[in-house]
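Here's the structure, in structure tokens; my notes come after.
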Amino acid sequence: MDAALMPLLVVSLVLCLLAAAPAASAARAFFVFGDSLVDNGNNNYLLTTARADAPPYGIDFPTHQATGRFSNGLNIPDIISEHLGAEPALPYLSPELRGEKLLVGANFASAGVGILNDTGIQFVNIIRIGDQLQYFREYQRKLRALVGEPQATQLVNQALVLITLGGNDFVNNYYLVPMSVRSRQYALPDYVRFIVSEYRKILSRLYELGARRVIVTGTGPLGCVPAELALHSQNGECAAELTRAVNLFNPQMVDMVRGLNRAIGADVFVTANTYRMNFDYLANPQDFGFTNVQVACCGQGPYNGIGLCTAASNVCDNRDVFAFWDAFHPTERANRIIVAQFMHGDTDYMHPMNLSTILAMDQEGL
């Protein structure tokens, strides 16, 4: 080969590599907001009792170590990341979230939080939803410094966002203690209307911050979790008052989200019917390979629903046949069933479209 052509070939090769570099980082980013169902370790960095950073949490995680996820293994965001073909987004408070890791996204969720700022006050230091949104702004400043404003804006606009709120506003607020402040302030129907109106403000703020593909989950069957069965169930029936609360909240939340989409003029927000996703396997456990959908795998007392999951707790041998890992949270196996409906569920589960449809449409540039 002519020696005079070598520098030209080297330059051409470098230019090709540079052109290919953005494509590698152009995988869809993923941002997560919400509570313990989706927290993957932020509370590890906070002085709070709402933590999952000690065994037996993480017993089935790839590292077999507790990570701050309220699960025996992977949680819902982890499994969604698998479907995106991406590594899980790091907790925002993790010191590892810097440089190229910012391109993956970030998880801002914090166990114990709710729609309202006074939800979860007993946990003291948690990242309330307003602070999660403020951290999202801070994240975007870091991202702009890394890749410049145009690319940062594009990454955020094209990202997938998951937000999970609402359950704690009942369990850790309205029904936390008899005659709670909120229950004396509001009758239940009025309280539900109030928190749905507050949720609309949160979602509107998320849109203002650049989110354009947002999955909004409803609340699951709160009255059927082991903690509530232990407190309120005589024969395994779900707690009636929490079930009533959920039945009021979920339809109003869906209506609010549809109204918000109409106001925006686009289907920015997609609702996930997590009540039905959970209730499917609670009502028909054998169809999903579960042998126990009432007793938590890890815990103590009736239904293993009293207190925390700790090294001193009872722990089941086979997590795959239990729907609940601890007093409130699903096992990894149950989380996988839920995410399968995120991906492929019809409009009874995901409205107006499921995640597979979203990914296909965005891939085609529709």
Thr357 vs Asn354, test: side chain to side chain donor-acceptor pair (under 3.5 Å). Steps then yes/no.
CA-CA 5 Å; Thr357 301; Asn354 60 37; 2.9 Å; yes
Start with the C-alpha distance between Ser36 and His329, add both sets of side-chain angles, then the distance that settles side chain to side chain donor-acceptor pair (under 3.5 Å), and finish with yes or no.
CA-CA 8 Å; Ser36 59; His329 304 97; 2.6 Å; yes
If you apply the rule side chain to side chain donor-acceptor pair (under 3.5 Å), what do you find for Asn43 with Ser110, and how did you get there?
CA-CA 6 Å; Asn43 281 19; Ser110 178; 2.5 Å; yes
Step-by-step side chain to side chain donor-acceptor pair (under 3.5 Å) determination, Asp280 to Tyr349
CA-CA 11 Å; Asp280 281 351; Tyr349 294 90; 2.5 Å; yes
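Comment: Arg213 engages Asp362 in a salt bridge, judged by a side-chain N to carboxylate O separation of less than 4.0 angstrom.
Taking all atoms of both residues into account, the shortest heavy-atom contact from Thr119 to Ile126 is O-CD1, 4.3 Å. For Ser81 against Pro88, the heavy-atom pair with the smallest separation is OG-CA, 3.7 Å. Minimum interatomic distance between Asn304 and Ala296 (heavy atoms only, all atoms of both residues): ND2-O, 2.9 Å. Shown here for Asn157 and Arg212, the closest heavy-atom pair between the two residues is O-CB, 3.3 Å. Here the shortest heavy-atom pairing between Asn75 and Leu37 reads CB-O, 4.1 Å. In this structure, Phe30 and Pro77 approach most closely via the heavy-atom pair CE2-O, 3.5 Å.
Judged purely by distance below 3.5 Å, without hydrogens or angles, the side chains of Thr164 and Thr217 pair a donor atom with an acceptor atom. In this structure, a donor-acceptor pair under 3.5 Å is absent between the side chains of Ser71 and Arg69.
For residues 286-295, the set of pairs meeting the side-chain hydrogen bond (donor to acceptor under 3.5 Å, both in side chains) definition, not counting sequence neighbours, is empty.
When the shell of 6.0 Å around CG of Asp317 is examined, it contains 12 or fewer heavy atoms from other residues, nucleotides or ligands. Counted within 6.0 Å of CD1 on Ile121, heavy atoms from surrounding residues, nucleotides or ligands total 12 or fewer; the atom is thus considered open.
Distance check: Thr331 OG1 to Phe324 CZ gives 9.0 Å after rounding to the nearest 0.5 Å. Between the CE atom of Met253 and the CD1 atom of Ile195 there is a distance of 11.0 Å, given to the nearest 0.5 Å. Considering CD of Glu241 and CG of Leu188, their distance stands at 6.0 Å, rounded to 0.5 Å.
Checked against ring pair (Phe, Tyr, Trp, His ring centres under 6.0 Å), Tyr199 has no partners two or more places apart in sequence or in another chain.
On the SG-SG cut-off of under 2.5 Å, Cys297 and Cys316 qualify.
Taking the six-membered ring for Trp and the full ring otherwise, Tyr92 and Tyr135 have centroids separated by under 6.0 Å. Ring centroid separation for the pair Tyr174 and Tyr186 does not come in under the 6.0 Å cut-off.
A cation-pi geometry, defined here as NZ or CZ lying under 6.0 Å from the six-membered ring centre and within 45° of its normal, does not hold between Arg182 and Tyr191. For the pair Arg333 and Phe322, the cation-pi criterion (under 6.0 Å, within 45° of the ring axis) is not fulfilled.
Between Trp325 and Tyr57, the ring-plane angle classifies as perpendicular under the 30° and 60° cut-offs.
Remark: of the listed residues Val161, Asp131, Leu206, Leu206 is the sole one forming a side-chain contact (heavy atoms from CB on, under 4.5 Å) with Phe136.
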